[in-house]
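In what follows, chains carry the letters A, B, and so on, assigned in the order in which the sequence lines appear, proteins first and then strands, with residues in each chain numbered from 1.
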Amino acid sequence: MNNTDLIRFMQDLVNNPEELSRYKQDPMLYLAQTRLSAEQQDLLLKFSSPIPKLPFINEEVVTVFSLDISPELAEQQEIDKEKSIISLEHTTVQLVAHSTPVIIEPAEGLVCRLLNHSKVYITKDKKHVSFHLHMCYVNPNDPTDQPFVFELITKDRIAIPPGEMVNFADAKVIWNSTHPVILTYDRWIERKLTSDSYYNSATNELCMSFKNPPKQHKHD
Amino acid sequence: MPGSLTIVGTGITLISHMTAEAQAWVTRADHTFFLVTHPLAEQWMCQLNPRAESLARFYTPGRARLDVYRDIAEHVFSAVQAGHRVCAAFYGHPAVFVTPTQDLVRRAQAKHYSVTLLPGISAEDCLFADLHLDPGTHGCQSYEATDFLLRPRRFDPSTPLILWQAGVIGYFQVVDAALDPVKGLALLETLLLRSYPADHQVIIYEAAMLPTTEPTIMTVPLERLRYAPVTPSSTLYVPPVAPPIVDSQMLEQLGLASIEKPFQTED
């Protein structure tokens, strides 16, 4: 691709600091008002993200992965089985690694554990579920690997009215992924859960399936 | 007409950082060679001078970097020997972390060719601006990270410490996918922990490469340095643990004892 226009665009921004400031405030909005092609705009936005990282840290949640979490509760509560499945489709989950980058190798049936303070909240009407989970992962194929910790939090947890709370401390997690899952240090990632995500209030089983969002295609 | 060599820096940020004088040389030289790190910077150089030649082709994965530098110097110098007015433009400041520059200057001087080195904006200049660090206040220590480990220094934890190339410690090849910075960072972390507390906040820094981008500034506790997301472009900045102590006797001898505020004494 010939990027003459792109370089001229940047030259103009450098020559006009007020315009450069406007661009930095909202690059997408600014670009939408330019004559740059969609391809050039995409390229500029790609370059405008932080400096390209090495392959092992430059990707977010790269592809589909799923979690099947089952707390080993001492006693199950009596819940109407017909109403026990609560769909989590479209629920927005935030993932963040606070202290280190997290790299999870592709795995089928990898067993992990949740840490203390991992909680699931169910509304009184049993229609909504939110959670704050602290996940611990150790690469089973690397004896020298250290435990990685990251969090999975439903975005609207605060907005959901209080109800029942289930402690998921030490709950078993079955992790399936076809590609590495990589969380950059202290960078929040949001993903919507897919249709096969649900919470079973009868068994307290929590199943989550993540997919990358579809690529945005821009048109002139 | 004997050949001549002018070595210039493109600065770190595309377009914004190149001086007018450097840009004139890139545009007007008989033969311009350049080494930049961003694809848009490469295209910009070719716009400034359509005959400009990239030196990036010497960087093939796995090659020893010293071999690359030698080949670059030989290639550029051959144009000088052919009688051309040659401009070599390097990313950043041409005399800072640019090994071929020293080689080229030495070769040119040995053969009595005219050689000029023009300053450019270096990554250190960007760091001073982005981290609001004034080296004139309490000094500044600056080392290449591998060299810092290989040749232990008596560095001062009360003075700002900058460690360059922290993402390629002990790695002397052209950067490729095999690069794993964790081992080198772990060694650096261990060394620094002898002088700084474990929770001392250090900064992983990368200057902005485009005028449209912001610098990368990430703070991590020193004890987690080995897991920090560094890249080959990353610089480590270790802030001082405390202000340097003032020698009260020297304060007296300089007649500054009555001025209290700017100085912290041992008393």
Q. Can you name the residues of residues 9-18 of chain B that have some heavy atom under 4.5 Å away from a heavy atom in chain A?
A. B:L14, B:I15, B:S16
Q: Write down the atom of A:M10, the atom of B:L40, and the distance for their closest heavy-atom approach.
A: CE-CD1, 3.2 Å
Q | Note, A:M135 side chain near A:V173 side chain (heavy atom, < 4.5 Å) | A | yes
**Q.** Inter-chain contacts: residues 11-19 of chain A against chain B, heavy atoms under 4.5 Å
**A.** A:Q11, A:L13, A:V14
Q.
For A:Y199 and A:F168, take the angle between the two ring planes, folded into 0 to 90°, and tell me which bin it lands in: parallel under 30, tilted 30 to 60, perpendicular over 60.
A. tilted
Q: Taking all heavy atoms of A:K119 and all of A:L133, pick out the closest pair and write down the distance.
A: O-CD2, 3.9 Å
Q: Just say parallel, tilted or perpendicular for the rings of B:Y69 and B:Y59, cut-offs at 30° and 60°.
A: perpendicular
(Q) Tell me the closest heavy-atom pair linking B:V230 and B:G167, and the distance in Å. (A) CG2-CA, 3.8 Å
Q | A:Y23 ring center near A:Y30 ring center (under 6.0 Å) | A | yes
Q.
I need the minimum non-hydrogen distance between B:D71 and B:R63, along with the two atoms involved.
A. OD2-NH2, 2.6 Å
Q) Is a side-chain donor or acceptor of B:E206 paired with a backbone partner of B:I204 at a separation under 3.5 angstrom? A) no
